[in-house]
J.: 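Right, I'll just put the structure down here and ask away after.
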Amino acid sequence: KLRIAVFASGSGSNFQAISDAVHNGTLDADLQLLVCDRPQAQVVQRAKQADVPVFAFLPKTYSGREAYESEILTLLNEKEIDLIVLAGYMRILTPVLVEPFYGRMINIHPSLLPAFPGVRGIAQALEYGVKMTGVTVHYVDGGLDSGPIIAQRAVDVQEDDTEDSLAERIHAVEHELLPLAIGWIAAGRVKLDGRRVTVSS
Ligand code: GAR
């Protein structure tokens with residue numbers, strides 16, 4: 001079975017969606033670890049509730065980002081993690097993790113990439129005035145939300161949308177698409193070839 005580590009920084013609704021999918025059997029994978037860079041975040045409570053081991057330490061208590069990630073890398077190796085899922089992990093990873101996990105680390109982003117990368121994908125879509133935005137699941141490379149795309153779903157922007165109302169519809173789509181994409185990977189259906197990702201049936 002595919003052994004997963006989820007990285008998250010905040011509320012963790014996507015962590016919850018993955019955990020629920022594992023528990024109700026719609027996702028055939030093992031959720032082995034939560035990595036969180038904010039020990040007070042709600043996602044830590046969700047992991048404890050779900051009996052998932054937690055690594056939650058502040059990066060600034062380490063000598064640097066590389067030292068922080070080296071410790072995480074050791075833990076990932078100990079736990080024989082096959083796939084890292086970034087689910088609202090609000091920091092850019094260094095080559096310490098990106099290189100060994102290239103092709104084995106995915107991220108969920110709340111826009112149709114390459115539009116609106118970064119931490120304000122939903123607000124920027126509203127500010128720009130696009131009529132359609134969405135959700136992207138992609139492999140992580142060294143850049144900002146720039147890696148090969150695995151799956152996307154569109155979400156219409158409505159004329160009376162606020163950031164909250166649009167975020168709510170985007171999150172609902174994320175909670176379906178992320179466990180689905182992990183399931184494709186777990187089933188060995190996803191092939192990465194340069195920038196092109198193919199999902200076999
Ligand atoms: C999600 O909407 C995710 O797409 C976004 O953070 C949210 C986390 O929500 N990620 C990014 O913006 C990454 N740049 P959650 O903590 O409830 O899962």
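Counting convention: from 1, in listed order, for ligands and their atoms alike. In what follows, every heavy atom counts, from backbone to side chain, and hydrogens, waters and symmetry copies are set aside. All figures in this text were calculated on a predicted structure; none of them were measured in a lab.
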J.: Give a yes/no verdict on a cation-pi contact between Arg65 and Tyr68, requiring under 6.0 Å between NZ or CZ and the six-membered ring centre and an angle within 45° of the axis.
T.: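 Because its charged atom misses either the 6.0 Å distance or the 45° angle limit, Arg65 does not stack over Tyr68.
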J.: Looking only at side chains, do Asp164 and Thr162 share a donor and an acceptor under 3.5 Å apart?
T.: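 Judged by distance alone, the side chains do not pair up.
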J.: Looking at atom 9 (O) of ligand 1, what's its closest protein heavy atom, distance included?
T.: Asn14 ND2, 3.9 Å
J.: Out of Gly88, Ala167, Gly12, Ala87, who is nearest to atom 16 (O) of ligand 1 when you count heavy atoms only?
T.: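 It is Gly12 whose heavy atom sits nearest to atom 16 (O) of ligand 1.
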J.: Ring-plane angle category for Tyr62 and Phe55, please: parallel below 30°, perpendicular beyond 60°, tilted otherwise.
T.: tilted
J.: In this structure, does ligand 1 have an atom that sits under 4.0 Å from one of the heavy atoms of Met90?
T.: yes
J.: Would you say Ser13 has any N or O atom under 3.5 Å from an N or O of ligand 1, going by distance alone?
T.: yes
J.: For the 3.5 Å polar cut-off, considering only N or O atoms, please tell me whether Tyr89 and ligand 1 meet it.
T.: no
J.: Does at least one non-hydrogen atom of Gly118 fall below 4.0 angstrom from an atom of ligand 1?
T.: yes
J.: Using a 4.0 Å cut-off to any heavy atom of Pro110, which atoms of ligand 1 qualify?
T.: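 Near Pro110, meaning under 4.0 Å from one of its heavy atoms, ligand 1 has 4 (O), 5 (C), 10 (N), 11 (C), 12 (O).
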J.: Answer yes when Glu127 and Arg120 have at least one side-chain N-carboxylate O distance shorter than 4.0 Å, and no when they do not.
T.: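 Answer for the salt bridge query: yes.
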J.: Looking only at protein heavy atoms, which one is nearest to atom 3 (C) of ligand 1, and how far off is it?
T.: Glu174 OE2, 3.4 Å
J.: Is there a path from Phe15 to Leu93 through hydrophobic residues (I, L, V, M, F, W, Y) whose side chains come within less than 4.5 Å of each other?
T.: no
J.: For the side chain of Thr136 and the backbone of Ser111, is there at least one donor-acceptor N/O pair under 3.5 Å apart?
T.: yes
